[in-house]
Amino acid sequence: MSLDGARFEALFEVIEALCLGDLQARFTCSPDQDDIDAIGYALNVLAEETQHARAELQRAKEEAEAASRASRVALARQCELESLKERLVQMLIHDLKNPLTAATANLEILSMTPPLTPPQLEMVEEALASSSRMQRMTLDILDVLRLEGSTLEVERAPIDLVGLARESLAGLRQQARGANKRLRLAPPRGGIDRRPPEIDARLIRRVLDNLLLNAIKYTPPDTEITLECGLEEDGAVSIGVLDQGAGIPEAQRARVFEVYTRLAGERHARSSQGLGLAFCKLAVEAHGGRIWVEENLPEGAAFRVRLPGPD
Amino acid sequence: MNEITLKTLTMSVTLLEERVIYIHPLPGTTQTKQDAEENLEVVVRELGSNLAVLVDARGSGVLTREAREVYAQREGYMIAQALLVESRFSRIAANLYIRISTPRHPTRMFTDQDAALRWLRGHLR
């Protein structure tokens, strides 16, 4: 074999090894640096670069995998902390509920126990109203947490919705009177008074209370608040709370149902500690329904609820 | 101006004129990353930085990938680099350096030394 023949052979061996995936294979250039060396050198450089690029790619892949693992761990930790926080809040609120119930019951007994002077009675009634409000707030917080965590069961049973609406209005009439507002129940529609819908009475009663309280709180004195309820043609339950206040700008309507949201630019922002309307949304959605707010012409807001009927 | 010539294990360096140096890699050598770093250190220490560099790639030694990376990417020591080539080997080596190592500084291949120097001086202005 000639000298060139041997060098060609060596060159082909390197090419063959590279083709088989051995990126370490290199051609040994001679001091002559002739054309065979030129080919060999080019192969060496290309093999080195390929090897380097492959190593870089592998490194980047490993880094990405490590980052993804770290982010999964961090996410799991964050979820764990969130869940712990929620459980703690839930426990605290739950522990608040019992003393509040006892205080409210005692105040109720006290308000009915003579002889109380008119100023004493007024003080007891104020205390009773405050403790009732706190009770409602604790229930809202508990239920919002349960509904967000999907741990609250909707207990459906046939209920007298008109009766429920009357109870809600009766419970809030004194508060409305104190704020110089009138509460009114519109005539029931669609025969709802004869066909009891299957809904969770406890949750929907609090939806009614929250919507009415919201209207009492954020509308001017000497106005009327109307509660409507009815059955649609498709069997869906419709509820409406209509007020004569300033209304809610269209751009902000979706946000009123967010937790702890207050609308910008309103002196009396429409939210009940940011929870009342959020509770309403979650409770309605737990029934598979929808809640929204629209204009109540000629002025005011109309909060509307639609709960789907039986399939 | 008197010519100053320095020698390292893998190359000789001559200061041709102010801020223009001529590098001649020693034949039969393979420069590693360490060689490249030592060479640059000597050049900067003895001849300064922001130099116009003429590399004689005719019949020269070769560079490892890491050494090419050092020369191509290190900042501060040069403003432009002319590669003097002749054989097919040196042209291929220079082309691979320009295309694959993609130097940060203006780099061009020349077969004529005077043309290379004129181009380098243009970068000194």
Side-chain angles (χ1 to χ4, degrees), chain A residues 1-70, chain B residues 7 9-12 23-37 54-74 81 83-104 107-111 113:
Chain A
M1 191 183 286
S2 69
L3 189 60
D4 270 3
R7 294 182 64 225
F8 266 121
E9 192 59 37
L11 186 65
F12 284 128
E13 270 175 26
V14 171
I15 293 172
E16 224 166 350
L18 291 174
C19 290
L20 289 170
D22 176 12
L23 292 177
Q24 312 265 22
R26 296 287 183 274
F27 180 75
T28 308
C29 294
S30 76
D32 301 342
Q33 298 192 340
D34 59 14
D35 289 355
I36 296 177
D37 291 319
I39 298 169
Y41 181 73
L43 279 175
N44 288 351
V45 169
L46 296 173
E48 274 176 341
E49 292 297 333
T50 309
Q51 204 175 6
H52 177 76
R54 193 176 278 189
E56 286 285 295
L57 197 65
Q58 181 62 25
R59 201 168 53 85
K61 199 175 144 194
E62 281 167 10
E63 276 174 12
E65 279 170 2
S68 156
R69 271 198 302 276
Chain B
K7 278 204 169 134
L9 288 174
T10 51
M11 69 178 194
S12 71
I23 291 181
H24 182 240
L26 301 181
T29 56
T30 299
Q31 285 190 39
T32 62
K33 182 182 181 185
Q34 196 187 342
D35 294 323
E37 281 173 343
L54 176 64
V55 179
D56 192 344
R58 298 170 296 190
S60 66
V62 292
L63 309 177
T64 63
R65 187 190 174 280
E66 290 74 23
R68 288 196 299 274
E69 194 78 9
V70 171
Y71 286 123
Q73 303 305 328
R74 188 65 52 86
Q81 176 176 228
L83 306 176
L84 208 50
V85 297
E86 193 178 61
S87 66
R88 195 171 277 167
F89 183 96
S90 58
R91 280 206 310 275
I92 285 176
N95 266 320
L96 287 168
Y97 175 73
I98 293 170
R99 304 287 168 202
I100 293 179
S101 300
T102 51
R104 288 173 171 268
T107 301
R108 244 180 93 174
M109 207 164 67
F110 291 90
T111 50
Q113 182 161 338

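Every chain is numbered from 1, with letters handed out A, B, ... down the list of sequences. The model shown is predicted, which means the values in this text are computed figures rather than measured ones.
From Glu48(A), atom CD reaches atom CD1 of Ile100(B) across 10.0 Å, with rounding to the nearest 0.5 Å. Between the CZ atom of Arg58(B) and the CD atom of Gln33(A) there is a distance of 13.0 Å, given to the nearest 0.5 Å. Rounding to the nearest 0.5 angstrom, the gap separating the CG atom in Leu96(B) from the CG atom in Leu46(A) is 6.0 Å.
For Arg68(B), the part lying under 4.5 angstrom from a heavy atom of chain A is the side chain only.
Within a 6.0 Å sphere centred on CD of Gln113(B), other residues, nucleotides and ligands contribute more than 12 heavy atoms. Within 6.0 Å of the CD atom in Gln51(A), the count of heavy atoms belonging to other residues, nucleotides or ligands exceeds 12.
Identified by a heavy-atom distance below 4.5 Å to chain B, contributing residues of residues 58-68 of chain A are lacking entirely. For residues 34-43 of chain A, the interface with chain B (any heavy-atom pair closer than 4.5 Å) comprises Asp34(A), Asp35(A), Asp37(A), Ala38(A), Tyr41(A), Ala42(A), sorted by residue number.
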